[in-house]
Amino acid sequence: MNLRVQEAEDLIATLKTKTIILKKQETELQKILNSLGAELEEIEGFSRRNIIRLVPESPEGDTVGLFVADLILKVFQPRGLSKFFLMERVQRIPGTPPKPVAPLRTLIASIFNFRDRDAIFQAARWAPPVRIENA
């Protein structure tokens, strides 16, 4: 009986030691996970910073970039836009093309310079609602 009790006590001591080690590893891994989560959030935020969303999709055809640039320059007329206003890309939110009665897809444009993006946002705040072909 003493031998079995001694084996049980040894097993309990071993398990306690392993539990302590695992708890230390868990806290270390939790710290790493938190720092990686914060870094990922920062990277995702950085990639979204210079993106503006434009609604609606319109009959611009294949020249969506020219359409958006024309819309920004002529309709919003932003002040403080740099001489070399550039858009990195313009695209539609993915999805199936809308049916005639369905809501139109959103266009997104990635602006190269954050100052230009801020000027566009400022002008859009004060601009009247934009309607293109009753949309």
Side-chain angles (χ1 to χ4, degrees):
M1 191 68 142
N2 286 338
L3 182 60
R4 292 185 77 185
V5 170
Q6 184 62 36
E7 287 177 3
E9 287 177 352
D10 290 343
L11 181 60
I12 290 171
T14 304
L15 291 175
K16 281 184 180 180
T17 305
K18 287 183 179 181
T19 303
I20 291 170
I21 292 170
L22 288 174
K23 284 184 180 180
K24 287 180 182 177
Q25 288 177 345
E26 178 193 11
T27 48
E28 290 173 5
L29 289 173
Q30 190 65 40
K31 288 178 186 177
I32 292 170
L33 180 65
N34 290 340
S35 68
L36 289 175
E39 187 177 334
L40 177 64
E41 186 176 328
E42 181 181 337
I43 290 170
E44 285 178 347
F46 182 77
S47 70
R48 280 187 243 125
R49 267 186 203 123
N50 291 340
I51 292 178
I52 59 173
R53 294 170 61 100
L54 301 166
V55 178
E57 178 178 30
S58 63
E60 75 284 341
D62 295 333
T63 59
V64 68
L66 294 174
F67 170 77
V68 170
D70 191 49
L71 178 74
I72 289 170
L73 295 173
K74 289 184 179 175
V75 175
F76 296 132
Q77 300 172 349
R79 292 186 185 141
L81 207 59
S82 67
K83 290 180 186 179
F84 306 104
F85 168 65
L86 291 174
M87 292 183 293
E88 291 182 61
R89 69 181 178 277
V90 178
Q91 63 193 40
R92 292 180 186 92
I93 298 276
T96 58
K99 296 176 180 147
V101 293
L104 299 170
R105 293 182 295 177
T106 302
L107 292 170
I108 57 172
S110 179
I111 307 299
F112 185 72
N113 187 339
F114 74 93
R115 288 185 182 95
D116 290 341
R117 182 215 51 208
D118 291 344
I120 293 166
F121 280 153
Q122 185 70 25
R125 261 186 225 116
W126 301 108
V130 177
R131 298 193 65 77
I132 300 170
E133 294 188 7
N134 295 325

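Note that these values count all heavy atoms, side chains included, but never hydrogens, waters or copies made by symmetry.
More than 12 heavy atoms of other residues, nucleotides or ligands lie within 6.0 Å of CD in E44, so this atom counts as buried by the packing criterion.
At least one side-chain heavy atom of K16 sits under 4.5 Å from a side-chain heavy atom of I12. E9 places a side-chain heavy atom less than 4.5 Å from the side chain of Q6.
A distance of 11.5 Å separates CD1 of I20 from CG of L15, quoted to the nearest 0.5 Å. Taken to the nearest 0.5 Å, the CG atom of D10 stands 8.0 Å off from the CD atom of E7.
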- Show your working on side-chain contact (heavy atoms from CB on, under 4.5 Å) between T19 and K23 and close with a plain yes or no. CA-CA 6 Å; T19 303; K23 284 184 180 180; 3.9 Å; yes
